[in-house]
Protein chains: 2
Amino acid sequence: MPNPTLDRTDLLLLAELQRAGRQTNAELAERVNLSPSACLRRVQRLERDGVIAGYRAVVDPERLGLGLQAFVRVQLSRHDPSAIEVFGEFVNQWDEVVACHALTGDMDYLLQVVVRDLEHFSRFLLDHLLNQAGVDDVNSSFVLRTVKAFRGMPLPGR
Amino acid sequence: MPNPTLDRTDLLLLAELQRAGRQTNAELAERVNLSPSACLRRVQRLERDGVIAGYRAVVDPERLGLGLQAFVRVQLSRHDPSAIEVFGEFVNQWDEVVACHALTGDMDYLLQVVVRDLEHFSRFLLDHLLNQAGVDDVNSSFVLRTVKAFRGMPLPGR
DNA sequence: TCTGAAAGCGCCTGCAT
DNA sequence: ATGCAGGCGCTTTCAGA
């Protein structure tokens, strides 16, 4: 079930749908030079195979009053399975954490955090991250500028 | 032009569309207890105001054969405007870099990199990042596990 | 601002190629 | 695997409250 070979047209479809996920099937078909029915079949296959995992509206955090982003590197105080489990559950509950990865290297985790302002961030740090989750050390870096915003996964071969 | 006040229904719509960006207007309307026409007008307003910046298909990198993710912290060798400009242009050209932020702290930039495997990463590092863009130092951390995958921006008040 | 109705359009199935 | 055709559902606009 991993990768039932994607041809050039499939990659074109993925590129288009990563760019504009809500265009009509007719529009999409025209862009990739396929009839609407052929296009639809291919898209549905990509969905069924899990290559397309879903669709999402892209929301501008600034317009929601979320003006501050940070990357927080986290070290846990303990590394037994239950401590790791607990930390993961907390992270998944905290709305401010939009993404979290376990990493190789000095620190255990990298958290991407989106908040209103520095005061909001401070409260998040003191009330949640440092307080509840078995965290030993944190190192916060704030986003000064987004040089390249996420626009989808790279697509091999084009 | 910043924030023409979003009511509870708008936030519900945003939550729904961040979760499932391609549901039909009829479906969406039912979920938030609105008539289809009222629902459509609100969504269109969110789009016009830029709160919804677009829609994107979510593609599973594993199914594309992209099995390795890394976060790379980068320090430039020079910090004059032209060096910064050049680096930004390179980063925007490299497909492997899916996101890049200028940060406070020790390092200048944080790059999120998606590649096929370690060999692909190595080639990216040697051929591009260390070679072309005025980079002084890099520090790579690889993703061992995604504890919380990005699922949209947090929505205040619910 | 909402609801409801009417008209147009796109989706999507089935069948032929 | 693609293309074509028809029924159906949805989107979208317009009145009216």
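All values reported here derive from a predicted model rather than from experimental measurement. First the proteins, then the strands, lettered A, B, ... as listed; each starts at 1.
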Quiz item: C/dC11 P sits how many Å from A/R22 CZ, rounded?
Solution: 12 Å
Self-check item: Distance below 4.0 Å between A/R42 side-chain N/O and D/dA1 OP1 or OP2
Solution: no
Self-check item: A/H128 and A/E96: side chain donor to acceptor below 3.5 Å
Solution: no
Self-check item: Between C1' of C/dC12 and CG of A/L40, the distance in whole Å
Solution: 6 Å
Quiz prompt | Proximal nucleotide (of C/dC2, C/dC11, D/dT2) relative to the A/A38 side chain | solution = D/dT2
Practice problem: Side chain of A/S37 only, please: which of D/dC4, D/dT12, C/dC15 is the nearest? | Solution: D/dC4
Practice problem: Using whole Å, report how far CZ of B/R8 lies from P of C/dT1. | Solution: 18 Å
Quiz prompt | Contact list for DNA chain C against residues 23-33 of chain B - heavy-atom distance below 4.0 Å | solution = none
Quiz item: Tell me: CZ of B/R41 to C1' of C/dT1, nearest whole Å?
Solution: 7 Å
Quiz prompt | d(CG, A/D7; C1', D/dA1) in whole Å | solution = 11 Å
Exercise. Show the numbers, then the answer: is there a side-chain contact (heavy atoms from CB on, under 4.5 Å) between A/N139 and A/V72?
Key: CA-CA 6 Å; A/N139 182 309; A/V72 182; over 6 Å; no
Self-check item: Chi angles and distances behind the side-chain contact (heavy atoms from CB on, under 4.5 Å) call for B/E85, B/F90
Solution: CA-CA 9 Å; B/E85 164 92 12; B/F90 272 114; over 6 Å; no
Self-check item: Atom-to-atom span, CG of A/L13 to P of D/dT2 - whole angstrom
Solution: 10 Å
Self-check item: B/V138 vs B/R73, side-chain contact (heavy atoms from CB on, under 4.5 Å): CA-CA, chis, key distance, verdict
Solution: CA-CA 6 Å; B/V138 305; B/R73 293 185 292 147; over 6 Å; no
Quiz item: Are A/S140 and A/F121 close enough, and set up right, to give a side-chain contact (heavy atoms from CB on, under 4.5 Å), and what steps lead you there?
Solution: CA-CA 10 Å; A/S140 305; A/F121 183 80; 3.4 Å; yes
Quiz item: Which one, D/dG3, C/dC2, C/dC12, comes nearest to the side chain of A/Q44?
Solution: C/dC12
Practice problem: Determine whether the side chains of A/Q18 and B/Y55 contain a donor N or O and an acceptor N or O closer than 3.5 Å. | Solution: no
